[in-house]
Amino acid sequence: FIRRNIAGQATKQAQARRKMLEKLERVEAVPVEKVARPRLEVSGLSETDVIVAEDLSLSAGGRTILAGATFTVRRGERVGVVGPNGVGKSTLLAALLGKVRPAAGFVRLGGKVDVGYYDQELSAVDPANSVLEELRRTRRALPEGALRAHAGRFLFSGEEAERPIGTMSGGERARAVLAKLTLAGFNLLVLDEPTNHLDAEARGALEDALDEYAGTLLCVSHDRWFLERTCDRILWLEPGP
């Protein structure tokens, strides 16, 4: 955490942790059995054009919020979606997933696209399940040690990985959803404000996991640091007339 954040937005937190580290007593390392974390593989290759929008207009409450949007997201790209509040960023994701009908034009997914969607309601997990139960359902063939290693990647260790998700804080539930989505093998991840509930350490864990992700990424976020770290292209949305 100190190495990753000493020169970034979390400098003060990193400096405080460095002071704490300097005060810790040094002890001999205890040998432990290491379990390799599972690879973040994707389910298969999609078509080259993963998302295509042409002359797309979206409306809400009887007014146009986005007009004339034309763009293509190709396989392997990492695209951040930004723009003023109310411009329709989340509505664009909903239209892409078939949950909202465009007012004009179209937006569609390419062939063989398998979508994992992170929404702000965190609906991708069952609150009655634990993180480990959700991960087991996602990758049944993985051994227990690999599942726990992946849970640990998102800061769930020991008994924390066995708690019902419904008893967790908003930040913990967000980490649980992200742990599941990054393990599931989707070849397109659509993330709507994934860092909203995350502290600096959890945000770093997500960034590290996405570094290993081999699929296509479309991400709505106001977190400039996260976008710069994760995305290689920005799609800027302007309000409609």
Side-chain angles (χ1 to χ4, degrees), residues 40-125 138 174 177-178 180-196 206-207 209-211 213-224 226-241:
L40 302 183
E41 300 171 339
V42 297
S43 57
L45 286 180
S46 65
E47 289 185 346
T48 301
D49 291 345
V50 176
I51 303 170
V52 177
E54 186 170 329
D55 201 23
L56 174 67
S57 294
L58 300 172
S59 60
R63 68 181 184 90
T64 300
I65 56 175
L66 182 69
T70 297
F71 63 89
T72 300
V73 177
R74 294 182 171 82
R75 186 175 62 226
E77 285 190 317
R78 294 162 174 259
V79 180
V81 181
V82 299
N85 288 333
V87 76
K89 299 183 291 295
S90 295
T91 307
L92 171 62
L93 300 190
L96 172 65
L97 298 169
K99 298 181 178 182
V100 171
R101 188 180 182 89
F106 69 85
V107 59
R108 64 172 176 81
L109 296 174
K112 300 180 181 179
V113 174
D114 188 16
V115 186
Y117 178 45
Y118 176 98
D119 61 13
Q120 296 186 47
E121 287 72 40
L122 309 177
S123 61
V125 292
T138 300
V177 173
L178 293 166
K180 177 179 179 178
L181 291 180
T182 53
L183 187 66
F186 299 112
N187 57 26
L188 170 63
L189 286 181
V190 176
L191 310 180
D192 191 0
E193 299 287 2
T195 63
N196 264 7
L206 173 60
E207 291 167 357
L210 291 177
D211 280 347
Y213 175 63
T216 306
L217 176 67
L218 185 70
C219 179
V220 168
S221 181
H222 288 93
D223 188 335
R224 181 176 176 180
F226 174 77
L227 291 172
E228 289 181 354
R229 171 77 165 74
T230 306
C231 298
D232 49 32
R233 177 181 162 206
I234 296 296
L235 181 65
W236 177 267
L237 301 186
E238 292 281 2

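When reading the values below, keep in mind they use all heavy atoms of this one structure, side chains included, and skip hydrogens, waters and symmetry mates. The shown structure was predicted, so the numbers you read here are calculated from the model rather than taken from an experiment.
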So do [Y] and [X] actually touch side chain to side chain, heavy atoms under 4.5 Å?
{"X": "L218", "Y": "L96", "value": "yes"}
{"X": "V107", "Y": "V52", "value": "no"}
{"X": "L109", "Y": "L188", "value": "yes"}
{"X": "L191", "Y": "V220", "value": "no"}
{"X": "L189", "Y": "L210", "value": "yes"}
{"X": "V73", "Y": "T216", "value": "yes"}
{"X": "L181", "Y": "V177", "value": "yes"}

For [X], give me all partners under side chain to side chain donor-acceptor pair (under 3.5 Å), at least two apart in sequence or on another chain.
{"X": "R229", "value": "D208, D211"}
{"X": "E77", "value": "R233"}
{"X": "E47", "value": "none"}
{"X": "N187", "value": "none"}

Do you know which two heavy atoms are closest between [X] and [Y], and how far apart they sit?
{"X": "L58", "Y": "G88", "value": "CD1-O, 4.3 Å"}
{"X": "L183", "Y": "T138", "value": "C-CG2, 4.0 Å"}
{"X": "P102", "Y": "L56", "value": "CB-CD1, 3.6 Å"}
{"X": "G215", "Y": "V42", "value": "N-CG1, 3.6 Å"}
{"X": "Y213", "Y": "F186", "value": "OH-O, 2.9 Å"}
{"X": "T230", "Y": "R78", "value": "O-CD, 3.5 Å"}

D55: which residues meet the salt bridge (Lys or Arg N to Asp or Glu O under 4.0 Å) condition with it, sequence neighbours left out?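 If we apply the salt bridge (Lys or Arg N to Asp or Glu O under 4.0 Å) test to D55, skipping adjacent residues, there are no hits.
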
Using atom types as modelled, flag every donor-acceptor pair under 3.5 Å from a side chain in residues 111-119 to any protein atom, sequence neighbours excluded.
from	atom 1	to	atom 2	distance (Å)
D114	OD2	S43	OG	3.4
D119	OD1	E121	N	3.4
D119	OD1	L122	N	2.8
D119	OD1	S123	N	3.0
D119	OD1	S123	OG	3.4
D119	OD2	S123	OG	2.5

Partners of [X] by side chain to side chain contact (heavy atoms under 4.5 Å, CB included), sequence neighbours excluded?
{"X": "A103", "answer": "S57, S59"}
{"X": "V100", "answer": "T91, A94, A95"}
{"X": "S221", "answer": "E193, T195, C219, D223, F226, L227"}

For a quick check under 3.5 Å, do D49 and T72 share a side-chain donor-acceptor pair by atom type?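 D49 vs T72: no donor-acceptor pair found between side chains.
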
Of all pairs that satisfy salt bridge (charged side-chain N to carboxylate O under 4.0 Å, His left out), the ones with a partner from residues 81-109, not counting sequence neighbours: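 Salt bridge (charged side-chain N to carboxylate O under 4.0 Å, His left out) check on residues 81-109 returns no pairs.
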
Step by step, would you call R74 with V50 a side-chain contact (heavy atoms from CB on, under 4.5 Å)? CA-CA 5 Å; R74 294 182 171 82; V50 176; 5.8 Å; no

N85 vs H222, side-chain hydrogen bond (donor to acceptor under 3.5 Å, both in side chains): CA-CA, chis, key distance, verdict: CA-CA 10 Å; N85 288 333; H222 288 93; 3.1 Å; yes

